[in-house]
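Quick note on labels: first sequence line is chain A, next is B, and so on, each numbered from 1. Worth saying up front: this structure is predicted, and the values here are computed from it rather than measured.
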Protein chains: 2
Amino acid sequence: MATIADVAREAGVSISTVSYALSGKRSITEDTRVRVLAAAARLGYAPKAAARALAARRSQIIAVTTPLHPDTDHSAHMAFAMAVTTAARDHDYDTLLLVQDDALEGMRRSAATSLADGIVVLDVAAHDERADLARSLGCPVVFIGLPADTGGLTCVDLDFRAAAHEAVDTLHAAGHRTVGLVSQPADVIAREANYPLRIEQAFAERADELGLTHALVRPDLDAPHAVLDDLLRLLPEVTAIVLSTPTSVAVALTESLSRRGLRVPDDLSVVTVGMTADPSRPPLPFDSLPLDPALTCPVAVDTLVGLIEGATSPGGVTLVPPTHVSRGSVAPAPVPHPTEVV
Amino acid sequence: MATIADVAREAGVSISTVSYALSGKRSITEDTRVRVLAAAARLGYAPKAAARALAARRSQIIAVTTPLHPDTDHSAHMAFAMAVTTAARDHDYDTLLLVQDDALEGMRRSAATSLADGIVVLDVAAHDERADLARSLGCPVVFIGLPADTGGLTCVDLDFRAAAHEAVDTLHAAGHRTVGLVSQPADVIAREANYPLRIEQAFAERADELGLTHALVRPDLDAPHAVLDDLLRLLPEVTAIVLSTPTSVAVALTESLSRRGLRVPDDLSVVTVGMTADPSRPPLPFDSLPLDPALTCPVAVDTLVGLIEGATSPGGVTLVPPTHVSRGSVAPAPVPHPTEVV
DNA sequence: CTGTTAGCGCTTTCAC
DNA sequence: GTGAAAGCGCTAACAG
């Protein structure tokens with residue numbers, strides 16, 4: 001309840017001296033600085049957020065908009081929201097949560113009322129109505145994920161293309177010559193952000209470049225166990241799998257493999273690409289190039305803070321390079337071509 | 001960018017008239033009210049949150065604190081955070097997210113700076129450091145879940161006791177005479193909020209009252225498939241199960257049942273108590289008395305808003321009655337006592 | 001290096 | 001029913 005005036009009186013200095021002593025925005029004699037800090041501590045002073053925001057024209061709040069449709073993966077999106085929040089705190093910002101119906105309207109509202117200084121957009125769909133809104137908002141906005149049209153938007157995403165390439169390279173280096181991709185369900189590809197397509201293309205491209213035999217299967221969420229059959233039908237000689245699919249399909253695939261008596265990595269090597277782990281469950285036992293919130297979110301928040309503070313100019317897509325997590329699911333191909341093993 | 005002064009000029013009235021016309025806090029001639037609204041719309045006016053908060057001494061922001069340890073169920077807690085956010089919007093409040101390390105410190109900060117008008121505490125542990133903090137904060141706080149000592153706190157939770165009773169009653173009414181409880185892992189019971197204990201006690205109590213044979217098993221997360229064996233060893237005649245356990249255990253149990261050729265509900269009836277569904281996955285195919293965020297969160301937010309606006313006084317535990325969701329997993333006992341079937 | 005002061009844009013008495 | 005004006009508590013020129 002103490003105000004800056006109380007602190008000034010207590011420390012025997014002026015109000016502005018207190019303000020500057022606390023913000024460090026101009027140099028203060030060590031002596032008076034200590035006196036101010038002591039007075040503030042004695043009175044339990046904390047600047048009122050609203051007064052500060054009004055005077056400084058900055059709320060130190062970032063809005064996070066994430067529609068969270070019934071079919072989006074809640075645990076993954078919680079991980080993203082957490083990562084954004086943690087990154088924001090590192091820059092002294094708090095995060096406001098805008099969900100469901102309010103994901104769109106809340107963006108408008110928090111921009112119009114200056115509730116938030118900037119907005120992070122999560123759960124981005126290919127044709128996301130928040131993209132057009134962002135272009136017309138006059139408030140810094142950063143997308144985590146890419147809508148179909150990124151024109152005029154500032155976006156950050158994992159470099160899925162590089163991740164897919166690296167997955168194929170890894171398998172190729174281990175001597176695999178026939179590789180399969182377990183991709184997303186067809187309807188997800190239509191609706192979601194375009195990263196599944198980017199992965200499919202990059203996978204095929206690099207496999208062709210390396211002269212590998214390859215194929216892809218898109219699972220059916222109602223019959224996830226069929227993917228393995230489908231893949232073996234398409235690619236009887238397959239020795240390695242790239243997984244970029246919903247967790248439920250990955251789990252089903254694991255079961256299908258063990259039912260068939262196929263061991264990872266002895267019979268089949270596996271690498272996942274662009275999958276987000278549920279922090280509250282044990283991770284899938286596969287080598288991964290994950291879509292890790294800890295990778296993209298800090299970059300997105302840094303970018304947003306740069307925009308807010310005028311240090312950066314808007315627009316542009318930042319693709320974050322993937323990191324490789326080893327879990328021992330890649331082994332040399334069962335029947336390697338001796339001269340080609342790296 | 002338009003201010004209230006712009007609107008006043010445009011409408012040819014005073015600033016206070018604009019304020020009252022928009023807030024409705026005092027009666028305004030229909031004519032001038034319309035004129036003000038039109039002017040505001042024409043200028044695209046939206047009151048600045050910071051100015052409003054400073055003058056009104058209210059930020060219209062509720063902080064949501066949820067530590068989210070690595071082992072907490074992220075999807076469930078996202079569902080709670082969403083439900084709180086949606087309920088808050090219904091009262092014209094936004095929600096600020098405080099996670100991880102900042103869950104505790106953020107409470108202090110948002111209270112001291114008047115960043116938030118009130119705080120909702122999620123992910124409550126039995127001995128939660130946020131309980132003592134809440135008592136000393138001088139800022140309205142509502143817990144969703146019960147810490148061990150609720151003295152001086154305002155709490156809202158599902159009535160787990162009633163839920164356990166109702167589950168046993170349902171099975172008894174269907175003619176079951178031997179029932180098992182699959183509870184939480186032992187270490188969870190020690191650390192978490194005390195609801196698992198409340199369920200165990202209520203289960204045993206009501207089963208005794210009804211003269212049922214009963215037993216409980218606590219799963220081991222590293223060997224979830226063992227629970228069915230354990231239960232059948234303890235209770236060979238079991239015809240019905242009450243499930244109040246992590247989702248992973250429930251899934252493992254489902255698998256164990258089908259491996260043994262036991263059909264639900266033909267061979268075994270099942271009811272879940274106090275479990276939270278992951279909205280992004282298909283629900284467990286069992287009758288439920290769920291811990292549904294949609295039940296507790298609106299009550300908690302109503303309570304908090306009552307505290308903020310001075311309509312309610314703090315303290316007290318509100319237990320929300322459970323609702324029953326039928327999914328056809330309860331059938332009459334296989335070997336009913338004819339005279340007792342209801 | 002420090003103090004004075006003019007706002008920031010709104011809510012809310014108080015007067016009419 | 002409406003208007004004038006005093007703050008809310010802080011930041012950031014501007015002056016010294």
Side-chain angles (χ1 to χ4, degrees), chain A residues 1-37 39-40 43-61 92 109-115 117 308-310, chain B residues 1-37 39-40 43-61 92 109-115 117 308-310:
Chain A
M1 294 303 314
T3 75
I4 197 172
D6 297 330
V7 178
R9 201 176 311 119
E10 174 87 10
V13 297
S14 78
I15 284 182
S16 64
T17 299
V18 174
S19 178
Y20 288 120
L22 292 169
S23 71
K25 290 195 182 173
R26 81 181 184 192
S27 45
I28 299 277
T29 316
E30 179 62 14
D31 175 53
T32 69
R33 207 183 61 80
V34 168
R35 216 142 34 88
V36 169
L37 261 46
L43 298 178
Y45 169 75
K48 299 284 161 283
R52 179 214 283 274
L54 180 58
R57 294 131 171 287
R58 189 160 296 170
S59 66
Q60 302 291 35
I61 290 177
D92 204 39
R109 182 167 43 85
S110 40
T113 64
S114 301
L115 216 202
D117 299 327
I308 292 171
E309 299 179 351
Chain B
M1 294 304 312
T3 75
I4 196 172
D6 297 330
V7 178
R9 201 175 313 119
E10 174 88 11
V13 297
S14 75
I15 285 180
S16 64
T17 298
V18 174
S19 177
Y20 287 121
L22 292 170
S23 72
K25 287 192 183 176
R26 80 181 186 192
S27 46
I28 299 277
T29 317
E30 177 62 15
D31 176 50
T32 69
R33 207 182 61 81
V34 169
R35 215 140 37 85
V36 169
L37 262 46
L43 299 178
Y45 169 73
K48 299 285 162 283
R52 179 215 284 275
L54 179 58
R57 293 127 173 289
R58 188 159 297 168
S59 66
Q60 300 291 57
I61 291 177
D92 203 38
R109 182 166 44 84
S110 40
T113 65
S114 300
L115 216 201
D117 298 329
I308 292 171
E309 298 179 351

- Work out how much the helix from C:dC1-D:dG16 to C:dC16-D:dG1 bends between its end axes, five pairs an end, to the nearest 10 degrees. 30°
- Residue pair B:Leu22 / B:Leu37, side-chain heavy-atom distance below 4.5 Å: yes
- Message: Between A:Gln60 and B:Leu115, is there a side-chain heavy-atom distance shorter than 4.5 Å?
- Response: no
- Query: Do the side chain of A:Thr29 and the main chain of A:Asp31 share a donor and acceptor less than 3.5 angstrom apart?
  - Reply: no
- Would you say the side-chain atoms of A:Arg33 pair up with the backbone N or O of A:Ala21, donor to acceptor, closer than 3.5 Å? no
- Query: So B:Val36 and B:Ile28, side chain to side chain contact (heavy atoms under 4.5 Å, CB included) or not? Walk me through it.
  - Reply: CA-CA 10 Å; B:Val36 169; B:Ile28 299 277; over 6 Å; no
Results of side-chain contact (heavy atoms from CB on, under 4.5 Å) for [X] - residues two or more places apart only:
{"X": "B:Ala55", "result": "none"}
{"X": "A:Ala46", "result": "B:Ala112, B:Thr113"}
{"X": "B:Ala8", "result": "B:Ile15, B:Val18"}

- Task: Walk me through it: do A:Ile61 and B:Ile61 pass the test side chain to side chain contact (heavy atoms under 4.5 Å, CB included)?
- Result: CA-CA 11 Å; A:Ile61 290 177; B:Ile61 291 177; 4.1 Å; yes
Do any N or O atoms of the protein come closer than 3.5 Å to N or O atoms of nucleotides 1-3 of chain D, and which pairs are they?
{"from": "D:dG1", "atom 1": "OP2", "to": "B:Ser27", "atom 2": "OG", "distance (Å)": "2.1"}
{"from": "D:dG1", "atom 1": "O3'", "to": "B:Thr29", "atom 2": "OG1", "distance (Å)": "2.5"}
{"from": "D:dT2", "atom 1": "OP1", "to": "B:Thr29", "atom 2": "OG1", "distance (Å)": "2.8"}
{"from": "D:dT2", "atom 1": "OP1", "to": "B:Thr32", "atom 2": "OG1", "distance (Å)": "3.4"}
{"from": "D:dT2", "atom 1": "OP2", "to": "B:Thr29", "atom 2": "N", "distance (Å)": "2.9"}
{"from": "D:dT2", "atom 1": "OP2", "to": "B:Thr29", "atom 2": "OG1", "distance (Å)": "3.2"}
{"from": "D:dT2", "atom 1": "OP2", "to": "B:Thr32", "atom 2": "OG1", "distance (Å)": "3.4"}
{"from": "D:dT2", "atom 1": "O4", "to": "B:Arg26", "atom 2": "NH1", "distance (Å)": "3.1"}
{"from": "D:dG3", "atom 1": "OP2", "to": "B:Ser14", "atom 2": "N", "distance (Å)": "2.9"}
{"from": "D:dG3", "atom 1": "OP2", "to": "B:Ser14", "atom 2": "OG", "distance (Å)": "3.3"}
{"from": "D:dG3", "atom 1": "OP2", "to": "B:Thr17", "atom 2": "OG1", "distance (Å)": "2.6"}
{"from": "D:dG3", "atom 1": "N7", "to": "B:Ser16", "atom 2": "OG", "distance (Å)": "3.0"}
{"from": "D:dG3", "atom 1": "N7", "to": "B:Arg26", "atom 2": "NH2", "distance (Å)": "3.1"}
{"from": "D:dG3", "atom 1": "O6", "to": "B:Arg26", "atom 2": "NH1", "distance (Å)": "2.9"}
{"from": "D:dG3", "atom 1": "O6", "to": "B:Arg26", "atom 2": "NH2", "distance (Å)": "3.3"}

- Got a sec, which residues hit side-chain hydrogen bond (donor to acceptor under 3.5 Å, both in side chains) with B:Thr32, two or more places apart in sequence or on another chain? none
- Message: Per the salt bridge (Lys or Arg N to Asp or Glu O under 4.0 Å) rule, what does the pair list look like for residues 9-21 of chain B, sequence neighbours excluded?
- Response: B:Asp6-B:Arg9, B:Glu10-B:Arg42
- Message: Test: salt bridge (Lys or Arg N to Asp or Glu O under 4.0 Å). Region: residues 43-57 of chain B. Which pairs qualify, not counting sequence neighbours?
- Response: none
- Message: Near DNA chain C, counting only heavy atoms under 4.0 Å, which residues of residues 1-9 of chain A show up?
- Response: none
- Query: For the residue pair A:Tyr45 and A:Thr3, what are the closest heavy atoms and their distance?
  - Reply: CE1-C, 3.5 Å
- Item | Within residues 47-57 of chain B, residues whose heavy atoms come under 4.0 Å of DNA chain D | B:Leu54, B:Ala55, B:Arg57
- Task: Shoot me the first and last contacting nucleotide of DNA chain C against chain B, ordered 5' to 3', at under 4.0 angstrom to non-hydrogen atoms.
- Result: C:dG9 to C:dC14
- Can you run down the side-chain hydrogen bond (donor to acceptor under 3.5 Å, both in side chains) pairs that involve residues 18-27 of chain A, sequence neighbours left out, and say none if there aren't any? none
- Check step by step if side chain to side chain contact (heavy atoms under 4.5 Å, CB included) holds for B:Glu309 and B:Asp117. CA-CA 9 Å; B:Glu309 298 179 351; B:Asp117 298 329; over 6 Å; no
